[in-house]
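In listed order, ligands and their atoms are each counted from 1. From a predicted model like this one, the values you see are computed outputs, not experimental measurements.
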Amino acid sequence: STHCFTYDPGFTSTAACESKITYIDGDAGVLLHRGYPIEQLAEHGSFLETCYLLLYGDLPTHAQHADFESRVYRHTMVHEQMAKFFTGYRRDAHPMAIMVGNVGALAAFYHDSLDITDPHQRMVASIRMISKMPTIAAMAYKYTIGQPFVYPTNSLDYTSNFLKMCFSIPCEEYKVNPVLARALDRIFILHADHEQNASTSTVRLAGSSGANPFACIAAGIACLWGPAHGGANEAALQMLQEIGTVDRIPHFVARAKDKNDPFRLMGFGHRVYKNYDPRAKIMQHTCHEVLATLGIKDDPLLDVAVELERIALHDEYFIEKKLYPNIDFYSGITLKAMGFPTSMFTVLFALARTVGWIAQWKEMIEDPHQKIGRPRQLYTGAPQRPYVLLDDRA
Ligand code: SDX
């Protein structure tokens, strides 16, 4: 197994876990899922195959893939009562707020997959999460744009089904663009798992208390929402829009280097990768492929992104601090071109990362030596002192 250690800055303590799922070599820019390089999974595989790989540990045979697919498709609908939840949200609610609420609420419906000590219930909960995330995500999107919910179409592949639930309307025929579906499926593969990142660690910590899997995934969604983590894809696009034109790039690069300026280049840098994020390269290629498919010749945001990357990678600040584009740098341009609003970018990240969260949760729960997580601290507060009565205080 691959040891994973997280060093708390300023601490000598380490919080360590063992995992067989994902291996990252940050200096070499290597990412493996169960030993398979991300580049090969993205080129040859499908997202549903990656789900099987992360959950079961190896690539499926034809029969295993067919069986897994039929089990996933059995759960693509959500309880009809869940549709009523949406009437309580404001139309301008951020879809991530809806995802946190609705995914946590799955525990209020599926009482037959809450007992984490039962292997069958653990597997049903895992499949349910993978099945229902696209449906709930599409419902969140439809609600915020005031369109009717679209039920899953199980005759479509996983990602085409999601695209149809998002972009089809009852009064018109909808045909999935196979090139866009393949591109989005590849984007889901890139986001599926990433070792012990902040949201996965949140899911593991929540799960270590014995909380049910739906509550743990909701905790992961909440953590992913932050702009330093999964929210960076939304923030990176907003940054590119704020920069606007290539001539304004030097001003923003100077701000990113200024210690007194909180501005950061969103989509740049990574705690582990001190080389190019291998996913970012595939993401950039996919971005060009999607824009070409859609006949978008000159996307000013892409021009800004490509020039910003060129300038940053030749700037001594970024070179010295080993800051490279990460997966969030090009994803926003791609998703925007596909028709998703910026508010849906992190929802798509959460949809894809659900399989990583649930695979890591399952691995932890099934570890016979697993105990509740309990991070320690270095106390830097006041020394012990006697109580002072109110009248005696200055
Ligand atoms: C994801 O962990 C994962 O695996 C996450 C993820 C996954 O798949 O789960 O990969 C997904 O979250 C990718 C990261 C998305 N976030 C962003 O793009 C936001 C912008 N990036 C920064 O906020 C930052 O790079 C972080 C939060 C990602 C990492 O921050 P760290 O841990 O502080 O990075 P570091 O220790 O390598 O920083 C070294 C230096 C620091 O300066 P000094 O303290 O040495 O003076 O570089 C600076 C940082 O301040 N720095 C940046 C910068 N990122 C780091 N300076 C300007 N712009 C940036 N983007």
Within-shell test, Leu323 vs ligand 1, heavy atom, strictly < 4.0 Å: yes
Identity and separation of the nearest protein heavy atom to atom 14 (C) of ligand 1: Asn326 ND2, 3.6 Å
Aromatic contact, Phe214 with Phe109 (centres under 6.0 Å): no
For atom 19 (C) of ligand 1, closest protein heavy-atom neighbour: Met266 CE, 3.5 Å
Aromatic ring proximity His33/His194, centre distance under 6.0 Å: no
Interfacing atoms of ligand 1 (cut-off 4.0 Å, heavy-atom, Tyr317): 48 (C), 52 (C), 56 (N), 57 (C)
Per-atom contacts of ligand 1 with Asn197, taking only distances under 4.0 Å to non-hydrogen atoms: 2 (O), 3 (C), 4 (O), 5 (C), 9 (O)
Atom 23 (O) of ligand 1: any protein heavy atom closer than 4.0 Å: no
Parallel, tilted or perpendicular, as decided by the 30° and 60° cut-offs, for the rings of Tyr276 and Tyr324: tilted
Ala232, any N or O under 3.5 Å of ligand 1 N or O: no
Flag side-chain contact, heavy atom, 4.5 Å: Arg34 against Asp58: no
Side-chain donor or acceptor of Tyr73 paired with backbone N/O of Leu156 under 3.5 Å: yes
Between Tyr141 and Phe162, ring centroids under 6.0 Å: no
Best match, Lys322, His191, Arg279: closest heavy atom to atom 8 (O) of ligand 1: Arg279
Atom 29 (C) of ligand 1 [closest protein heavy-atom partner, distance rounded to 0.1 Å]: Arg271 N, 4.0 Å
Any non-hydrogen protein atom less than 4.0 Å away from atom 41 (C) of ligand 1: no
Close-contact set for ligand 1 against Gly267 heavy atoms, below 4.0 Å: 17 (C), 18 (O)
Proximal candidate to atom 7 (C) of ligand 1 [heavy atom criterion; set Lys257, Arg353, Arg264, Arg255]: Arg353
Identity and separation of the nearest protein heavy atom to atom 13 (C) of ligand 1: Asp328 OD2, 3.5 Å
Shortest heavy-atom approach to atom 27 (C) of ligand 1 - which of Gly269, Ala228, Ala256: Ala228
Test: Arg186 cationic atom under 6.0 Å from Phe47 six-membered ring centre, within 45° of axis: no
Atom 59 (C) of ligand 1 within contact range, any protein heavy atom under 4.0 Å: yes
Whether Phe318 and Phe268 hold their rings parallel, tilted or perpendicular, with breakpoints at 30° and 60°: perpendicular
Sub-6.0 Å ring centroid separation between Phe345 and Phe340: no
Short N-O contact, Glu242 and Arg248, less than 4.0 angstrom: no
Nearest neighbour in protein (non-hydrogen) for atom 4 (O) of ligand 1: His194 ND1, 2.6 Å
Whether Gln196 lies under 4.0 Å from ligand 1, heavy atom: no
Those atoms of ligand 1 less than 4.0 Å from some heavy atom in Lys274: 35 (P), 37 (O)
Nitrogen or oxygen atoms of Phe268 and ligand 1 under 3.5 Å apart: yes
Any protein heavy atom nearer than 4.0 Å to atom 38 (O) of ligand 1: no
